[in-house]
Each structure stands twice: as C-alpha cells, then as structure tokens.
Enquirer: 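Sharing a structure below in structure tokens format, with a few things to ask.
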Amino acid sequence: MNGMDKKWVSGAGVVVLFILLSYLFIGFAHHSARMGNIVKELSGQPSQDKPGYHIVLIEQERYHPYWEMVEKGRRRQQRNTG
C-alpha cells in the first residue's frame with residue numbers, strides 16, 4: 001500500500017466510526033426520552049400521548065416470591081398514601 005491508499009483507508013475508517021457513534025448517540029437520546037416519559041407516568045404525571053400501563057398477572061405465577069414482594073410493596077404504598 002502506498003501513502004495515498006493508507007490515507008483513504010484511515011479517512012474511511014474515521015467516517016464509519018463517526019456514523020456509528022452518531023447512530024448510537026441518537027439511539028441513546030431516543031431511549032432516554034422514552035424512559036423520562038415512563039418515569040413521569042409512574043411518578044403520577046401521566047403522559048398525554050399514550051394510555052397508562054396495564055399489568056396482568058398470570059395466575060400460575062401468583063405465588064412466586066417476586067410477585068409476593070410486589071404485592072407487599074403495593075399494600076405498603078396504599079397504606080402510606082391513604
């Protein structure tokens with residue numbers, strides 16, 4: 001490879017790297033905005049563009065330790081908020 005080919009390859013590498021990083025940054029910004037909306041909705045400020053979440057518990061999993069913990073937390077929150 002002569003000097004001109006090396007410059008072309010390194011220039012192309014920089015362009016590909018820039019495009020990849022731009023794509024990742026845009027994806028990060030998009031998902032951060034979506035997470036912000038979810039956090040607002042869960043903290044009591046529902047978003048105007050989408051309906052709230054609907055959680056369905058499958059009866060088969062009802063007595064799983066995770067769901068028991070969720071139920072305890074719900075009851076505690078209900079007592080604290082009235």
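Worth saying up front: this structure is predicted, and the values here are computed from it rather than measured.
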Enquirer: Can you tell me how the ring of His64 sits relative to the ring of Tyr66, calling it parallel under 30°, perpendicular over 60° and tilted otherwise?
Expert: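 Perpendicular.
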
Enquirer: Excluding sequence neighbours, so at least two apart, what forms side chain to side chain contact (heavy atoms under 4.5 Å, CB included) with Glu68?
Expert: Tyr63

Enquirer: Is the CZ atom of Arg76 crowded by more than 12 outside heavy atoms at less than 6.0 Å?
Expert: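 12 or below, so no.
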
Enquirer: If you round to the nearest 0.5 Å, how far is NE2 of His30 from CZ of Phe25?
Expert: 13.5 Å

Enquirer: If you count the non-hydrogen atoms of other residues, nucleotides and ligands that lie under 6.0 Å from CE in Met69, is the total more than 12?
Expert: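 Atom CE in Met69 is crowded, with more than 12 foreign heavy atoms closer than 6.0 Å.
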
